[in-house]
Amino acid sequence: MVDDSRPSLAELRHTAAHVLAYAVQDLFPEAKPTIGPAIENGFYYDFDRAEPFTPDDLERLERRMAEIVAADYPMTGREVTRDGAIAEFAANPYKVEMAREIPENQPITLYTIGEFTDLCRGGHAQSTGGIGAFKLTNVAGSYWRGDEHKPMLQRIYGTAWYDREELEAYLARLEEARRRDHRKLGAELDLFSIEEQAGGGLVFWHPKGAIVRGIIENFIREGLRERGYQPVVTPHIAHERLYEISGHLDNFGENMFGPLEVEGQRFRLKPMNCPGHILIYKDRLRSYRELPLRFSEFGTVYRFERSGVLHGLNRVRGFTQDDAHLFCMPDQLQHEFEQTLDEALRLMKAFDFVDFQYVLSTRAPEDRGETDAVAEAAIRNALERSGLPFDVDEGGGAFYGPKLDINVRDAIGRPWQLGTVQVDFILPARFELKYRAADGQDHQPVMIHRALAGSLERFFGILIEHYGGAFPAWLAPVQAVVTPISEHEMGYAREVVNRLEKAGFRAQLDESNEKLGYKIRHWKTQKVPYILVAGKREVEDGTVNINQRGIEEKRTVSIDSFVEELKTVVEARR
RNA sequence: GCCGUCGUAGCUUAGCGGUAAAGCACCUCGUUGGUAACGAGGAGAUCAUGGGUUCAAUCCCCAUCGACGGCUCCA
């Protein structure tokens with residue numbers, strides 16, 4: 001049964017934004033409303049007001065909004081002339097600016113609820129009563145039109161749903177996201193830290209995090225080797241002229257760390273690995289017989305990010321990409337893309353990303369050249385042949401060519417961008433790359449930049465949240481903990497640990513002087529997949545009692561069969 | 001960088017114009033316990049840093065640094 005009068009969620013949220021602005025108009029008449037759209041999960045509204053909104057203000061606004069919703073004011077629209085709109089909002093320069101900028105051929109409309117009228121394109125619930133359940137969530141600064149040279153506004157965020165149940169479910173999801181926050185789990189599980197004394201955005205991988213990283217790297221390396229990539233290693237700093245030639249200084253300069261002066265020469269920390277790989281390509285004459293040439297590197301790059309944008313492992317100043325650059329002939333592009341898509345799929349499967357999507361971003365029509373058309377066709381064909389889901393973002397490509405992004409949703413449905421695959425005709429031209437073709441002439445190769453996991457730091461952060469810190473056994477920093485029930489079984493427990501370590505597993509002995517319940521709790525909170533308990537009975541039988549993460553029933557098995565079981569699990573990457 | 005909020009022991013937090021308190025974690029001792037917290041004791045804090053106001057500042061004011069929520073950008 002579909003109720004036609006029921007607004008879409010976006011309409012409902014957009015209406016909630018109006019209601020918020022109405023409440024602000026009532027309680028804070030000096031605040032000038034600017035823009036207030038619906039967004040994923042809710043809405044926001046930006047106001048120009050000298051005083052900040054406090055949490056207390058939000059509560060008052062919520063109460064006033066509830067009254068407006070309860071009053072069930074109808075949403076009425078009317079069309080006005082441009083001058084009419086400008087006159088209506090004479091006291092609000094933002095609305096005037098918007099009214100001025102509405103294209104000639106578009107109608108200018110005003111929408112009213114109760115005593116509040118807003119300049120608005122439309123798309124609302126029929127009345128304010130259509131908002132089922134809402135909550136104001138936070139206040140934040142924002143710039144008018146997102147431009148830091150324009151006035152700073154205050155943004156109030158809210159969320160809105162059809163009913164209270166949905167709202168509660170959403171708030172529970174937020175809570176779940178907080179529980180999984182990689183910054184919190186990173187500290188609790190001793191995986192990594194960011195040290196104040198070293199500076200923001202620089203990641204210290206602790207032993208447990210580094211183990212996981214090593215496993216991820218090995219997994220990626222294996223795939224690269226099978227697909228004919230050759231590992232290379234390039235320096236972290238290079239003479240500034242390298243980045244002048246590559247164009248990074250011009251195009252990416254504001255994200256680069258400043259120069260290091262040595263003996264009058266200026267060096268730069270590398271922001272990307274491509275120039276280095278290009279130098280290796282260029283070091284000698286290349287034959288078409290060598291192509292495609294595939295150089296891979298876990299390349300650590302440094303990028304200047306403004307302090308305010310740093311965020312855990314997601315946004316850092318130094319990170320390592322699972323980077324590679326392919327040098328090929330244009331007619332090899334499609335094949336390389338197909339291979340890359342296969343590899344991306346292998347990666348996502350291994351790390352349990354079942355919901356993913358590719359986004360093909362084409363170059364803006366005005367700078368799209370003949371070569372871009374070739375590249376786009378290659379990517380499109382590869383995508384179509386793979387049968388994998390993809391979207392197209394027209395004009396969203398990099399400045400040097402079309403690109404393909406790999407987007408995944410994690411275990412609780414949040415979207416993340418992993419790697420990206422980009423076709424580049426510009427760098428080969430800038431560096432005058434060549435290969436000797438069958439016709440004896442020199443031709444220019446095409447480059448593909450590709451990183452699948454993207455940044456290992458960010459990928460790790462995503463994995464921590466995806467798994468909620470409970471890494472599957474093949475990834476877990478500690479795969480099994482052996483705990484004796486009392487001191488009497490300590491020797492036996494130590495033996496079991498040795499057996500496991502000899503078999504190549506990451507095992508640990510619990511030597512603490514605590515009761516079993518305490519130890520179980522401790523290792524559960526550490527999210528260890530297998531806790532092996534050894535008491536008198538187990539010592540006598542040469543067994544261990546398995547308390548397995550996520551499984552209520554306990555099992556007693558021989559040490560040999562546990563080793564076999566774990567071997568199977570790890571080999572299957574479970 | 002900008003706007004806002006916040007910095008008290010390793011962590012989570014209490015307190016407040018008269019120089020600090022708890023739980024967890026840690027250490028020691030007792031205990032040898034069968035599947036998510038055994039008991040007792042101990043150690044641990046120039047209350048982020050630097051200035052200012054005051055007889056007196058962890059508390060009030062200013063600045064700096066850092067964290068968090070956003071704005072912008074992207075891996």
Looking at [X], I'd like to know whether one of its side-chain N or O atoms comes within less than 4.0 Å of OP1 or OP2 on [N].
X	N	answer
A:His522	B:A25	no
A:Tyr518	B:G34	no
A:Tyr44	B:G69	no
A:Ser307	B:G1	yes

Among A:Trp205, A:Tyr467, A:Phe351, whose ring-ring contact (aromatic ring centres under 6.0 Å, His included) with A:Phe460 holds? A:Trp205

Answer with yes or no whether [X] presents, from its side chain, a donor or acceptor under 3.5 Å of a partner atom in the base of [N].
X	N	result
A:Glu489	B:G34	no
A:Glu305	B:A75	yes
A:Arg155	B:C71	no
A:Arg306	B:U72	yes
A:Tyr143	B:G1	yes

Check the distance between [N]'s [atom2] and [X]'s [atom1] and give it to me in whole angstrom.
X	N	atom1	atom2	answer
A:Asn255	B:G1	CG	P	15 Å
A:Asn513	B:G33	CG	C1'	10 Å
A:Glu51	B:G4	CD	P	10 Å
A:Ile35	B:C71	CD1	C1'	13 Å
A:Asp510	B:A37	CG	C1'	14 Å
A:Asn41	B:G70	CG	P	12 Å
A:Arg183	B:C11	CZ	C1'	16 Å
A:Arg303	B:C74	CZ	C1'	8 Å

Measure from the side chain of [X], starting at C-beta and using heavy atoms only, and say which of [options] lies closest.
X	options	value
A:Arg458	B:U72, B:G66, B:C74	B:C74
A:Ile520	B:G70, B:G34, B:A36	B:A36
A:Ser486	B:G70, B:U35, B:U32	B:U32
A:Val533	B:U35, B:A36, B:U72	B:U35
A:Lys515	B:G33, B:A37, B:G34	B:G33
A:Asn138	B:G69, B:C38, B:C74	B:G69
A:Asn545	B:U35, B:C38, B:A75	B:U35
A:Met152	B:G70, B:A75, B:G33	B:G70
A:Ala140	B:C73, B:G70, B:G34	B:G70
A:His488	B:U32, B:A36, B:A75	B:U32

Partner nucleotide, any strand, of [N] [Watson-Crick/G-U, under 3.5 Å]:
N	answer
B:G18	B:C55
B:C11	B:G23
B:C38	B:G30
B:A45	none
B:G69	B:C3

Measure the acute angle between the ring planes of A:Phe252 and A:His248, then classify it against the limits of 30° and 60° as parallel, tilted or perpendicular. perpendicular

Just say parallel, tilted or perpendicular for the rings of A:Trp161 and A:Tyr170, cut-offs at 30° and 60°. tilted

Taking the six-membered ring of A:Phe219 (Phe, Tyr or Trp), confirm whether the NZ or CZ of A:Arg346 is under 6.0 Å from its centre and within 45° of its axis. yes

With A:Glu176 as partner, the option from A:Arg173, A:Arg180, A:Arg178 fulfilling salt bridge (charged side-chain N to carboxylate O under 4.0 Å, His left out) is A:Arg180

Scanning both residues in full, the closest heavy-atom pair of A:Ala493 with A:Pro484 reads CB-CD, 4.0 Å

For RNA chain B, whose closest nucleotide is more 5', that of A:Leu153 or that of A:Arg521? A:Leu153

Any sub-3.5 Å donor-acceptor pair from A:Gln154's side-chain atoms to A:Val139's backbone N or O? no

